[in-house]
Colleague: 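To start, I am sharing the structure in question, which I have written as structure tokens.
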Amino acid sequence: MSYDVGAVRAQFPALRSGTAHFDGPGGTQTPASVIAAIGEAMSGPLSIRGSALPGEVNAEEIVRGFRQAMADLLGADPGGIVFGRSATQLTYDFSRTLSRAWSPGDEVVVSRLDHDANIRPWVHAAERAGAVVRWADFDPSTGELPPEAVGAQITGRTRLVAVTGASNLIGTRPDIPAIARLAHGAGALLYVDGVHLTAHHPVDVERLGADFFVCSPYKFFGPHHGVLAARPELLGALRPDKLAPSSDAVPERFELGTLPYESMAGTRAAVDFLAGLGAGADGAGGRRERLRSAYAAIDAHETALRESIEKAVAELGGVTVHSRSAERTPTLLLTFEGRDSADAYRSLARSGVHAPAGSFYALEASRHLGLGDSGGLRVGLCAYNDTDDVERLLTGLSDWLR
């Protein structure tokens with residue numbers, strides 16, 4: 001099938017500003033259908049969930065629709081979909097809950113490839129429990145995090161392994177199923193940060209072997225919040241802090257306060273928007289099937305743009321591309337010989353191109369690459385980028401380098 005990027009772009013009101021957005025890893029723009037779903041949810045009657053009055057019914061339907069949509073997106077059980085304010089908040093909450101069972105001398109494995117949101121919560125939890133933090137290093141020359149590098153840190157005392165599904169800094173996609181087998185072989189749980197992965201590749205939490213999987217809908221055209229997926233029976237074995245009168249049902253026991261129904265409605269619409277980008281966009285096939293087709297179309301589109309950028313950048317001279325792993329997202333981290341990446345960001349911004357500079361909370365990864373805390377210029381592609389965006393980016397970089 002052909003991928004009509006013009007038709008995709010027409011659905012994003014924000015793109016009318018004329019900015020060429022390469023900031024997708026930090027958050028995508030929002031399609032009109034998601035905006036409409038948020039407005040529709042807030043326009044109708046809403047109240048605490050129930051079954052007697054219209055507002056109660058609307059709230060209940062929105063929550064159920066949200067859980068089913070995210071379950072379809074992640075290949076998960078809707079009864080194991082937890083709403084959170086952000087992936088960071090969810091990870092901190094679960095780190096506090098899980099670490100209650102840890103004892104001094106127990107171990108947790110974290111990766112230097114990860115966003116700090118999948119490192120610091122576990123470091124803090126380990127400190128409180130007297131547990132040991134063991135670090136898995138990626139290869140800075142290739143960007144790869146081999147399963148054996150993680151496995152070398154796993155012992156009989158390992159209680160949890162935390163690893164990214166895809167690096168938000170350099171795009172590396174580790175072999176999560178292989179890491180899961182190593183973790184589970186030692187009796188440990190696997191917590192996967194799928195925030196960057198979910199924006200670009202289809203997810204099946206069971207195939208991945210993830211016991212916990214977090215993502216953020218605002219990275220794939222939805223509202224700003226986080227989602228965690230886990231098996232309902234695993235969630236049922238955990239006892240988080242909660243108010244005495246609040247529900248003890250799963251997944252509600254992990255969701256504090258009244259849920260933001262408008263965000264949940266927007267997330268369902270974002271999943272439907274994604275499902276509409278592939279074959280069967282006319283509604284043929286189930287949502288999960290249409291999502292697989294959409295991801296294939298998006299991947300082909302994004303990969304073609306990424307390869308064109310890589311080819312052109314290689315001809316500029318004085319540019320280092322740190323995104324090198326064999327399996328990666330369309331995310332490039334660039335640094336420039338004798339030049340400040342922040343200056344490149346500012347120069348591009350003046351020409352209406354948004355490619356931000358920094359380490360983007362992936363501090364350990366940036367430091368391990370030898371880039372300190374400053375990182376580099378991140379070029380992140382997504383479904384609405386087109387060849388005109390790419391030409392503007394390359395022209396801007398060429399002009400700045402001259």
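Every value quoted in this text rests on a predicted model; they were computed, and no experiment measured them. The basis for the numbers below is simple: all heavy atoms, side chains too, and nothing from hydrogens, waters or symmetry mates.
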Colleague: Can you classify the ring geometry of F138 versus H368 as parallel (below 30°), tilted (30 to 60°) or perpendicular (above 60°)?
Modeller: perpendicular
Colleague: Quick one: does I119's side chain get under 4.5 Å of V133's, heavy atoms only?
Modeller: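 The answer is no; the side chains never approach within 4.5 Å.
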Colleague: Under a 4.0 Å N-O cut-off, is there an ion pair linking R64 with E60?
Modeller: yes
Colleague: Can you tell me if H301 uses its side chain to pair, donor with acceptor, with the backbone of N385 under 3.5 Å?
Modeller: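 Here the side-chain-to-backbone pair exists.
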Colleague: What residue pairs, at least two apart or across chains, pass ring pair (Phe, Tyr, Trp, His ring centres under 6.0 Å) with a residue in residues 311-336?
Modeller: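 Sorted pair list: F336-W400.
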Colleague: For the pair D272 and R290, find out whether any cationic side-chain nitrogen is under 4.0 Å from an anionic carboxylate oxygen.
Modeller: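 Result for this pair is no, no salt bridge flagged.
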Colleague: Looking only at heavy atoms, what is the nearest atom pair of T164 and I176, with distance?
Modeller: O-CD1, 3.4 Å
Colleague: Which salt bridge (charged side-chain N to carboxylate O under 4.0 Å, His left out) pairs, counting each pair once, include a residue from residues 149-164, with sequence neighbours left out?
Modeller: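 Those involving residues 149-164 are D106-R157, D106-R159.
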Colleague: Could you walk me through whether L401 and V319 pass the side-chain contact (heavy atoms from CB on, under 4.5 Å) test, one step at a time?
Modeller: CA-CA 9 Å; L401 287 167; V319 183; 3.9 Å; yes
Colleague: Please enumerate all residues that pass side chain to side chain donor-acceptor pair (under 3.5 Å) together with Q11, with sequence neighbours excluded.
Modeller: none
Colleague: Using every non-hydrogen atom in the two residues, find where L393 and L348 come nearest and quote the distance to one decimal.
Modeller: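 Closest heavy-atom pair between L393 and L348: O-CD2, 3.8 Å.
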Colleague: Determine whether V227 and F83 make a side-chain contact, defined as any pair of heavy atoms from C-beta on separated by less than 4.5 Å.
Modeller: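 The answer is no; the side chains never approach within 4.5 Å.
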Colleague: Do side-chain atoms of Y384 reach the backbone of Q29 as a donor and acceptor pair under 3.5 angstrom?
Modeller: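 Yes; at least one donor-acceptor contact below 3.5 Å.
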Colleague: Salt bridge (Lys or Arg N to Asp or Glu O under 4.0 Å) with R181: which residues, sequence neighbours excluded?
Modeller: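 Salt bridge (Lys or Arg N to Asp or Glu O under 4.0 Å) list for R181, sorted by chain: empty.
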Colleague: For the pair S323 (side chain) and L333 (backbone), establish whether a donor and an acceptor sit closer than 3.5 Å, ignoring hydrogens and angles.
Modeller: yes
Colleague: Answer with yes or no whether the side chains of N168 and H115 bring together a donor and an acceptor at under 3.5 Å.
Modeller: no
Colleague: Answer yes or no: is there a donor N or O on one side and an acceptor on the other, between the side chain of T303 and the main chain of A300, under 3.5 Å?
Modeller: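 Here the side-chain-to-backbone pair does not exist.
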Colleague: Would you please test D248 and R239 for salt bridge (charged side-chain N to carboxylate O under 4.0 Å, His left out) and show each step?
Modeller: CA-CA 9 Å; D248 196 39; R239 310 301 308 182; 2.9 Å; yes
Colleague: Could you tell me if Y92 and H124 have a donor-acceptor pair between their side chains, going purely by distance under 3.5 Å?
Modeller: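 Yes.
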Colleague: Kindly give the heavy-atom pair with the smallest separation between P140 and L369, and that separation in Å.
Modeller: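 Shortest heavy-atom separation between P140 and L369 comes out as O-CD2, 3.8 Å.
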Colleague: Can you pull the salt bridge (charged side-chain N to carboxylate O under 4.0 Å, His left out) pairs that have at least one residue in residues 354-378, sequence neighbours excluded?
Modeller: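 Every salt bridge (charged side-chain N to carboxylate O under 4.0 Å, His left out) pair that includes a residue of residues 354-378, provided the two are not neighbours, is R112-E364, R120-E364, R367-D373.
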Colleague: Carefully, step by step, assess V109 and V150 under the rule side-chain contact (heavy atoms from CB on, under 4.5 Å).
Modeller: CA-CA 8 Å; V109 176; V150 181; 4.3 Å; yes
Colleague: Working to the nearest 0.5 angstrom, can you tell me the gap between D116 CG and T91 OG1?
Modeller: 11.0 Å
Colleague: Yes or no on side-chain contact (heavy atoms from CB on, under 4.5 Å) for L334 and L397, after CA distance, side-chain angles and deciding distance?
Modeller: CA-CA 11 Å; L334 312 179; L397 284 176; 4.2 Å; yes
Colleague: So do the side chains of L291 and L274 get within less than 4.5 Å of each other, counting heavy atoms only?
Modeller: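 A side-chain contact under 4.5 Å exists here.
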Colleague: Please tell me whether S167 and H196 have a donor and an acceptor in their side chains that are separated by less than 3.5 angstrom.
Modeller: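 No, no side-chain donor-acceptor contact under 3.5 Å.
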Colleague: With a 4.0 Å cut-off on N to O distance, would you call R49 and E61 a salt bridge?
Modeller: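 Between E61 and R49 there is no salt bridge, as every charged N stays at least 4.0 Å from the carboxylate O atoms.
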Colleague: Does R173 reach the main-chain N or O of A166 with its side chain, forming a donor-acceptor pair under 3.5 Å?
Modeller: no
Colleague: Under 4.0 Å between a Lys/Arg side-chain N and an Asp/Glu carboxylate O for R306 and E302?
Modeller: no
Colleague: Quick one: pull up OG in S99 and CZ in R128 and give me the separation to the nearest 0.5 Å.
Modeller: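 One gets 5.5 Å once the value is rounded to the nearest 0.5 Å.
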Colleague: Quick one: does any side-chain atom of T158 pair with a main-chain N or O of T155 as donor and acceptor, under 3.5 Å?
Modeller: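 A pair under 3.5 Å: yes.
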Colleague: What are the two closest heavy atoms between P13 and A32, and how far apart are they?
Modeller: CD-N, 3.9 Å
Colleague: Hey, is the main chain of H21 close enough, under 3.5 Å, to the side chain of T19 for a donor-acceptor pair?
Modeller: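 Such a contact is absent between T19 side chain and H21 backbone.
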Colleague: Hey, is the main chain of P45 close enough, under 3.5 Å, to the side chain of N58 for a donor-acceptor pair?
Modeller: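 Yes; judged by distance alone, with no hydrogens or angles, the pair exists.
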Colleague: Distance-only, no hydrogens or angles: does the T395 side chain make a donor-acceptor pair with backbone N or O of R392 under 3.5 Å?
Modeller: no
Colleague: Show which side-chain atoms of residues 208-224 pair as donor or acceptor with protein atoms under 3.5 Å away, not counting sequence neighbours.
Modeller:
| residue | atom | partner | partner atom | Å |
| --- | --- | --- | --- | --- |
| D211 | OD1 | R231 | NH1 | 3.1 |
| D211 | OD2 | H184 | NE2 | 2.8 |
| D211 | OD2 | L190 | N | 2.7 |
| K219 | NZ | P25 | O | 2.7 |

Colleague: Got a salt bridge between R268 and E262, using NZ or NE/NH1/NH2 to carboxylate O under 4.0 Å?
Modeller: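 Salt bridge: no.
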Colleague: Distance check, rounded to the nearest 0.5 Å: S86 atom OG versus Q89 atom CD?
Modeller: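 Result: 5.5 Å between the selected atoms.
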Colleague: Between E310 and R328, is there a salt bridge with N-O shorter than 4.0 Å?
Modeller: yes
Colleague: Is there side-chain contact between V271 and M70, with at least one heavy-atom pair below 4.5 Å?
Modeller: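 When only atoms from C-beta onward are counted, M70 and V271 do touch, with a gap below 4.5 Å.
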Colleague: Looking at R324, I want to see if its CZ is surrounded by more than 12 non-hydrogen atoms of other residues, nucleotides or ligands under 6.0 Å.
Modeller: yes
Colleague: Could you walk me through whether F12 and F273 pass the ring-ring contact (aromatic ring centres under 6.0 Å, His included) check?
Modeller: CA-CA 11 Å; F12 289 83; F273 174 82; 5.4 Å; yes
Colleague: Is it true that the side chains of T267 and H225 contain a donor and an acceptor less than 3.5 Å apart?
Modeller: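 Side chains of T267 and H225: pair found under 3.5 Å.
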Colleague: For the atom pair CG (D114) and CH2 (W122), what is the distance rounded to the nearest 0.5 Å?
Modeller: 11.5 Å
Colleague: Does any part of the side chain of Y295, heavy atoms only, come nearer than 4.5 Å to the side chain of L73, both counted from C-beta?
Modeller: yes
Colleague: Restricting to non-hydrogen atoms, name the atom on S366 and the atom on L169 that form the minimum distance, rounded to 0.1 Å.
Modeller: N-CD2, 3.8 Å
Colleague: Does any part of the side chain of L113, heavy atoms only, come nearer than 4.5 Å to the side chain of P174, both counted from C-beta?
Modeller: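 Sidechains of L113 and P174: in contact.
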Colleague: Got R287 and Q68 here, is their nearest side-chain heavy-atom distance under 4.5 Å?
Modeller: yes
Colleague: Yes or no on side-chain contact (heavy atoms from CB on, under 4.5 Å) for Y191 and V161, after CA distance, side-chain angles and deciding distance?
Modeller: CA-CA 6 Å; Y191 193 102; V161 175; over 6 Å; no
Colleague: Which distance, rounded to the nearest 0.5 Å, do you find between the CG of L316 and the CG of L394?
Modeller: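 The distance works out to 7.0 Å.
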Colleague: Strictly distance-based, threshold 3.5 Å: is any side-chain N or O of T198 a donor or acceptor partner for the main-chain N or O of G194?
Modeller: yes
Colleague: Do L197 and V203 have side chains that approach each other closer than 4.5 Å (heavy atoms only, starting at C-beta)?
Modeller: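 Sidechains of V203 and L197: in contact.
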Colleague: Where is the tightest heavy-atom contact between I62 and A41, given as atom of each residue plus distance?
Modeller: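 Nearest heavy atoms, I62 then A41: CD1-CB, 3.9 Å.
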Colleague: Between D4 and R9, is there a salt bridge with N-O shorter than 4.0 Å?
Modeller: no
Colleague: When rounded to the nearest 0.5 angstrom, what distance separates CG in D23 from OG1 in T28?
Modeller: 9.0 Å
